[in-house]
Number of protein chains: 2
Amino acid sequence: MTKTEDRVGRVYDLVRKMAENFEFKPESQINEVALAKSFGTSRTPVREALNRLVAEGFLTFQARRGFFCRPLSPSQILSLYEARIAVETEAVRLAIRKSSDSQLEALLETLRRVLTEYDQCKDPGRLLELDEQFHVDIAKGSKNQELVRILENLNARIRFVRLIDLKHAYLNGGADTASSRIPSHSTIMQYIANREESAAVDTIRKHIERRREETTEAVAKAFAEIYIVDDDA
Amino acid sequence: MTKTEDRVGRVYDLVRKMAENFEFKPESQINEVALAKSFGTSRTPVREALNRLVAEGFLTFQARRGFFCRPLSPSQILSLYEARIAVETEAVRLAIRKSSDSQLEALLETLRRVLTEYDQCKDPGRLLELDEQFHVDIAKGSKNQELVRILENLNARIRFVRLIDLKHAYLNGGADTASSRIPSHSTIMQYIANREESAAVDTIRKHIERRREETTEAVAKAFAEIYIVDDDA
DNA sequence: CTTGATTGAATTGTCGACAATTAATTATAC
DNA sequence: GTATAATTAATTGTCGACAATTCAATCAAG
């Protein structure tokens with residue numbers, strides 16, 4: 001009966017996705033028994049998964065009170081964007097510095113492929129995935145697993161807000177499509193190809209900063225989305 | 001009997017300290033029952049703590065195999081140093097940019113106090129604490145909790161190697177004391193005071209890079225320390 | 001002597017139970 | 001009617017137990 005399979009892993013994936021998408025409302029308490037029941041497991045694997053997610057910044061924990069969803073605030077999201085800048089600027093620098101010519105060409109080829117699909121993509125969800133992949137691929141070029149790890153965590157925690165933002169942009173302006181919104185992807189690639197470190201760094205910085213500036217508005221939209229069904233507020 | 005107190009917290013602190021100090025040998029498996037017994041608890045709180053530590057990068061986990069101590073390798077430590085550079089250079093930039101004059105002065109006063117004790121400190125352990133505090137205080141100046149959080153995690157994971165390194169430096173060269181080893185602390189402060197962003201960034205980068213260069217040797221020393229008692233290798 | 005199978009011991013994964021605590025509800029006083 | 005106290009319900013924290021699996025040791029065959 002107890003099949004000693006990896007329930008924690010399954011539960012972790014599910015809860016993480018829920019936390020990413022704010023299916024738990026910001027600051028709200030998470031009910032362990034309800035979660036466990038919904039997964040058809042006991043509380044033990046659920047709690048283990050929740051502990052991991054606390055350490056990853058998706059949830060918070062108060063002793064004897066329980067687990068809570070992370071808050072959603074512009075300043076919090078802003079911090080994540082700033083951290084992305086920290087990680088990605090250094091990552092691109094290292095990628096340029098550490099890569100051989102052939103490695104750099106391989107990286108650029110990977111980026112080109114991502115960008116090809118990106119440019120003709122209309123689905124906001126897929127668009128976001130591709131954008132993340134572009135940036136993570138560059139980070140992998142740094143040959144620094146730690147930077148990649150941090151970046152992936154930051155991405156997951158920003159994801160929800162970015163997706164809402166992208167959906168709105170997609171609905172409002174048809175002209176405001178992928179390639180027009182982010183012309184700097186190819187610019188970044190150009191600088192990488194020429195090994196122009198500081199230019200690449202600056203471009204990435206500005207690239208992310210541009211997104212950061214929409215944050216406050218995007219967070220407001222995100223709140224609207226989260227509380228869309230409730231009308232008794 | 002079950003006093004519903006925060007055992008996980010206690011256990012977490014203890015296990016984390018053990019993991020920091022490589023009291024578990026690199027790559028070795030961690031025995032849950034033995035740990036639990038040594039703490040006088042059941043396995044439940046132990047496993048919850050272990051899960052947190054996996055997410056924080058102190059341990060690894062393989063399904064149906066268990067928890068393992070993180071590996072100790074020069075390249076791993078190097079990655080952590082590089083990540084520190086990423087975080088700290090951006091942090092100091094933000095600190096300068098975001099702080100009012102009075103906030104900047106308050107930060108400098110804090111740094112001065114840390115440096116005062118630092119300069120006359122002879123204990124390697126305390127010395128390391130103070131150095132970390134210096135850097136974390138600057139990071140706090142960025143008003144970005146995320147950067148601080150990341151930095152503190154990186155620090156904890158580098159700590160063991162740095163401490164070994166410091167102890168050796170302390171034993172070998174008396175002339176090679178604190179202030180002579182790191183003249184750039186005050187330089188960094190000077191640039192912060194003058195709001196010279198790029199100069200401050202460069203100095204911090206070089207400051208950390210210098211440490212990074214000792215890494216390979218320091219890791220070798222760390223290994224020697226870890227396996228010092230065992231003679232059956 | 002090495003290789004491979006078989007058995008036995010040690011370890012992990014999950015569960016259900018229960019005490020302790022916190023939160024919610026009702027009752028009571030003013 | 002509001003505020004405070006007492007009671008009840010819901011939730012968390014930890015435990016011991018047990019099945020499933022992995023690991024170690026023993027033994028057999030080549």
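The basis for the numbers below is simple: all heavy atoms, side chains too, and nothing from hydrogens, waters or symmetry mates. Bear in mind that the values here come from a model prediction, so they are computed numbers and not experimental data. Throughout, protein chains are lettered first and strands after them, A, B, ... in sequence-line order, and every chain is numbered starting at 1.
The CG atom of B/N51 sits 13 Å away from the C1' atom of C/dT14 (whole-angstrom rounding). Counting to the nearest Å, the C1' atom of C/dA23 and the CD atom of A/E32 are 15 Å from each other. Look at CD on B/E48: it is 8 Å from P on D/dG13, rounded to the nearest Å. For the pair A/R7 CZ and D/dT21 C1', the computed distance is 15 Å after rounding to whole Å. The CG atom of A/L35 sits 15 Å away from the P atom of C/dT14 (whole-angstrom rounding). What separates CZ of A/R47 from P of C/dG13 is a distance of 17 Å, to the nearest Å. At whole-Å resolution of the value, CG in B/N31 and P in C/dA9 are 17 Å apart. With rounding to whole Å, B/F39 atom CZ is found 13 Å from D/dC15 atom P.
Between B/R65 and A/G40, the one whose closest nucleotide on DNA chain C sits nearer the 5' end is B/R65. Mapping A/V33 and B/F68 onto DNA chain D by nearest heavy atom places A/V33 closer to the 5' end of the strand.
Contact annotation for A/R43: base contact, defined as any heavy-atom pair under 4.0 Å involving a base atom. Among the heavy atoms of the strands, none lies under 4.0 Å from B/L50. Heavy atoms of A/F67 sit nowhere under 4.0 angstrom from any nucleic acid atom.
Remark: A/R126 engages A/E117 in a salt bridge, criterion side-chain N to carboxylate O under 4.0 Å. Salt bridge absent: B/K221 and B/E225 never bring a charged side-chain N and a carboxylate O closer than 4.0 Å.
Residue B/Y12 forms a side chain to side chain donor-acceptor pair (under 3.5 Å) with just one option from B/E56, B/E48, B/K17, B/R7, and that option is B/E56.
Heavy atoms of other residues, nucleotides or ligands lying less than 6.0 angstrom from CD of B/E217 number 12 at most.
Taking side-chain N and O atoms only, B/T44 has no distance below 4.0 Å to OP1 or OP2 of D/dT14.
In this structure, the nucleotide among C/dT12, D/dT14, D/dG13 sitting nearest to the side chain of B/Q29 is C/dT12.
The aromatic rings of A/H207 and A/H185 sit tilted relative to each other, their planes meeting at an angle between 30° and 60°.
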